[in-house]
Amino acid sequence: MKLHIEVQKKMGDFSLQVNTDISGERVGIFGQSGSGKSTLVHLVSGMLQPDSGEIFLDGDCLFSSTEGINLSPEKRRIALVFQHAMLFPHLSVKSNLLYGYKRCSADNKRIRPEALIELLKLQPLLERRVQHLSGGEKQRVALGRAVLANPRLLLMDEPLAALDDALRFQIIPYLVSVGEEFRVPYLFISHSLTEMQLMTEKVLVVQKGRVEEETTPEQLARQRMAQSQNGYLNFLRLTDPLLQNGLFTYSWGHNTLFISDGTENSESLFELSSREIILFKKHPEAISARNLLNCTVTEMFNSDGRVGIVLSTQGKQLVAEIVRPAAEELNISTGSTLFAAIKASSFRRLG
Amino acid sequence: MMLSPEDLTAIGLSLKVALTATALALPFGFAVAWLIVFKPMKGKVLLEVLINLPLTLPPVVIGYFLLLLLGKNGWLGKLLTASGIEIIFTWKAAVIASAVVGFPLLVRSIRLGMESIDQQLIEASRSLGASWFDSLVTIVLPLSLRGIMAGSSLMFARSLGEFGATIIVAGNIPGITQTIPLAIYDYASSPSSSTMALSLCIVSVVISVTVLFLHEILARQLDRSSGL
């Protein structure tokens, strides 16, 4: 997907001025509310008209003030997923799913309803009324409906913001797999750094109606480590748990991790804050933390007076965070070997 | 209860006029409500005032304006006469009078229904490939059905009771333009016909109650089928 946006739009006191080229399949637009993310969504999807400028998607002109082109929303083939599912209340789940599919020209019908229904596990919901679906089910149907329109681009505007944490992390794998399986590029709009890390490969940071920077979710998370409430979040997708003495064990690379908050599910996603990792220069003899990993420092970075230590252990990577005096005292540098202690209760299960 | 053949004609005519007026006004009412709710435009206030005017003006005044407009020397009347169409003092005049007087009620109800539709539903349908008209037919229309029904019942009931504007543009000709209210008016003017007047009053009540009941039942059914 290649999206060229060069637009100006003034709305009351707020003015949006964006001049950027976006390429990639999983791109995030990150910003606080009021930063102009939603206006940008409206401009790209054709619901709002820029005051001036041009928008091109994969070389096709969607809008150009100089050429007098303004493609109507239905011709842009950009499907929207909103914060609230916005299913059509007078139609069944099935009719909702097929709404866009029926309106898609035969040449563009690449994604078949059966395949999508299977991937999103929608079969049991098909004959239901949309009012009888739970929040997560609704959002899954909304996603399916958008993908079945066989769009060139999927615009997801805070699609997880209305869901609670447990549901959020249940939906994320679906979002990712739909993008991968059906090769639908998406723009993912959110104010959550975690969602950026889990959903995107590239991020545009939007602030006050401008694109402030283009970066990767990894860089963004490192930059914000010091200010963010939980530091840098490491995400670990772990499989095949074993229950031993009341603790779950998961293999991670060649390490074994002990986790209190595990489940018997075959796959779980955990988050581990960079601040929950304690570093030792030498092997501590006796320690209550259940996890002690032998690591090598591969990289160090600064984030507002804090030092981020990128640790490599048995082919896996973790980011730990310490204050600068601690880094100096321990004389840590790239290539140093350290022991990282992590309590079994420090891993938070997300889904 | 006593009903003369003229009374029966009046009842039939009343129903015919009310039904035609409602059916005639419905597409316009829908279009105007849609314009007000969904289309950003200048002079919206003016449009709203104009539409609601019949609600506040005395019906007689409306009737008089219609007479000026549609009469032999009115600018529209001249055109119609030239094409051989007679309006004034026919049942068609009663239809127009009812349509004008009931129009604001119709628009108000449809508008209320439309205002409850989330704008994002329409955006969703557009982004899924529906043109504005497609979206209007498949999303806006079904979701404002309740408003349309409420507006139609209100307008139908209002048309049944139309008197002031009708008597001026359509007159009170038994068998031709005499609707129930006009017939009651005739009976009430002569002291010997109070039973006849009462009979027609009862008929009026029965029709009104039936319309309101029908509306309630249909609305409930709609609620059930849409699960709202």
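Computed from a predicted model, the values in this text were never measured in an experiment. The chains referred to below are lettered A, B, ... by the order of the sequence lines, with proteins before strands, and numbering in each begins at 1.
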Among the listed options B/Asp118, B/Ile139, B/Leu145, the residue most often paired with chain A at heavy-atom distances under 4.5 Å = B/Ile139
Check the surroundings of atom OH in B/Tyr64: do more than 12 heavy atoms from other residues, nucleotides or ligands lie under 6.0 Å from it?
-> no
Which of the residues A/Ala146, A/Ala142, A/Pro73, A/Ala149 is involved in the greatest number of heavy-atom pairs with chain B at under 4.5 angstrom?
-> A/Pro73
Side-chain contact, heavy-atom cut-off 4.5 Å: A/Met47 with B/Gln119?
-> no
Is B/Phe65 atom CZ crowded by more than 12 heavy atoms from other residues, nucleotides or ligands, each under 6.0 Å away?
-> no
More than 12 heavy atoms of other residues, nucleotides or ligands under 6.0 Å from NZ of A/Lys109: is that the case?
-> yes
Does CZ belonging to A/Arg168 count more than 12 external heavy atoms closer than 6.0 Å?
-> yes
Take atom CD of A/Glu118 as the centre, draw a 6.0 Å sphere, and report whether it contains more than 12 heavy atoms from other residues, nucleotides or ligands.
-> no
A/Tyr101 side chain reached by B/Leu128 side chain, heavy atoms, under 4.5 Å | no
Run the numbers on A/Arg103 and B/Thr138 for side chain to side chain contact (heavy atoms under 4.5 Å, CB included), then give the verdict.
-> CA-CA 12 Å; A/Arg103 286 165 175 78; B/Thr138 57; 3.4 Å; yes
Supply the atom-to-atom distance B/Ser125 OG to A/Tyr99 OH, rounded to the nearest 0.5 angstrom.
-> 4.0 Å
Flag yes if more than 12 heavy atoms outside A/Arg110 fall under 6.0 Å of its CZ atom; otherwise flag no.
-> yes
Report, as yes or no, whether the 6.0 Å neighbourhood of atom NZ on A/Lys94 holds more than 12 heavy atoms from other residues, nucleotides or ligands.
-> no
Enclosure of B/Lys44 NZ (heavy-atom neighbours >12, cutoff 6.0 Å) = yes
Nearest heavy-atom approach of A/Leu87 to B/Leu121 is O-CD2, 3.4 Å
How many angstroms lie between OG in A/Ser72 and CZ in B/Arg126, if you round to the nearest 0.5 Å?
-> 6.0 Å
Quick one: are B/Ser135 and A/Glu74 in side-chain contact, heavy atoms under 4.5 Å?
-> no
Please set out all donor-acceptor pairs under 3.5 angstrom arising from side-chain atoms of residues 10-21 of chain A, sequence neighbours excluded.
unit_1: A/Asp21; atom_1: OD1; unit_2: A/His4; atom_2: ND1; d: 3.0

Side chain from CB out, backbone as N, CA, C, O: work out which of these in A/Phe88 comes under 4.5 Å of a heavy atom of chain B, or both, or neither.
-> both
What are the residues of residues 55-62 of chain B, in order of number, with any heavy atom under 4.5 angstrom from a heavy atom of chain A?
-> none
Pair count under 4.5 Å, heavy atoms only, with chain B: among A/Met86, A/Arg76, A/Arg145, highest is A/Met86
Checking side chain to side chain contact (heavy atoms under 4.5 Å, CB included) against B/Ser127, which of A/Leu154, A/Ile78, A/Leu80, A/Val81 comes through?
-> A/Leu80
